[in-house]
Trainee: 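First the structure, then my questions, so here it is.
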Amino acid sequence: MAISRDDVEKVAKLGRLMLTGEELERMTGEMQRILAYVDQLSQAETDGVEPIAHPADVHTVLRDDQVSESLARDQALATAPRHSGEGYLVPAVLGD
C-alpha cells in the first residue's frame with residue numbers, strides 16, 4: 001500500500017500536528033516503511049491458528065461478584081466534607 005505526502009498531511013492535520021516540509025517528507029518515508037511491515041505481516045500463514053486476545057495464557061484472578069447490603073445514604077454521606085443530602089458536593093471542574 002502506497003502512502004503519499006497528502007495522506008501524511010491529512011493524518012497530521014487530524015492529529016493537530018504542524019509539520020514542516022522536511023518533517024512531512026521524513027514522516028512519509030517512515031509511514032511507508034511501517035505500512036510495508038504491516039503488509040509483510042498480513043502475508044503470514046494463519047490458517048488453523050486460533051485467534052487469541054492475549055499472547056499469554058491469562059485467566060481472571062478476581063473473585064466472583066457477591067450481592068451484599070450497601071451503605072445507607074446517610075451513612076455514606078456522613079464522612080463527606082460537603083454534601084447535599086442526596087450526594088457528594090465537589091468543586092466544579094468544567095466551570096459553573
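Numbers here simply count residues along the sequence, with the first being 1.
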Trainee: side-chain hydrogen bond (donor to acceptor under 3.5 Å, both in side chains) with Ser70: which residues, sequence neighbours excluded?
Mentor: none
Trainee: Can you list the other members of the hydrophobic cluster that holds Leu77, where links are side-chain heavy atoms under 4.5 angstrom apart?
Mentor: Tyr88
Trainee: Which residues, ordered by chain and number, are linked to Leu41 in its hydrophobic cluster, where ILVMFWY side chains connect at heavy-atom gaps below 4.5 Å, directly or through other members?
Mentor: Tyr37
Trainee: Does anything in residues 3-23 form a side-chain hydrogen bond (donor to acceptor under 3.5 Å, both in side chains)? List the pairs, not counting sequence neighbours.
Mentor: Ser4-Asp7, Arg5-Glu25, Thr20-Glu23
Trainee: Quick one: pull up CD in Gln40 and CG in Leu35 and give me the separation to the nearest 0.5 Å.
Mentor: 13.0 Å
Trainee: For residues 45-58, pull every pair meeting side-chain hydrogen bond (donor to acceptor under 3.5 Å, both in side chains), keeping only residues two or more places apart or in separate chains.
Mentor: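 The answer is none; no pair qualifies.
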Trainee: Would you give the length of the straight line joining atom CG of Leu24 to atom CE of Met31, rounded to the nearest 0.5 angstrom?
Mentor: 10.5 Å
Trainee: Any idea which heavy atoms bring Ala12 and Leu19 closest together, and the distance?
Mentor: CB-CD1, 3.7 Å
Trainee: Hydrophobic clustering (ILVMFWY, side-chain heavy atoms < 4.5 Å, transitive) - are Ile34 and Val8 grouped together?
Mentor: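 Different clusters.
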Trainee: Look up atom CD in Gln66 and atom CG in Asp64, then write down how far apart they are to the nearest 0.5 Å.
Mentor: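 Output value for this atom pair is 7.5 Å.
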Trainee: Give every residue pair that meets the salt bridge (Lys or Arg N to Asp or Glu O under 4.0 Å) criterion with at least one member in residues 73-86, sequence neighbours excluded.
Mentor: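 Qualifying pairs, neighbours excluded: Arg73-Glu86.
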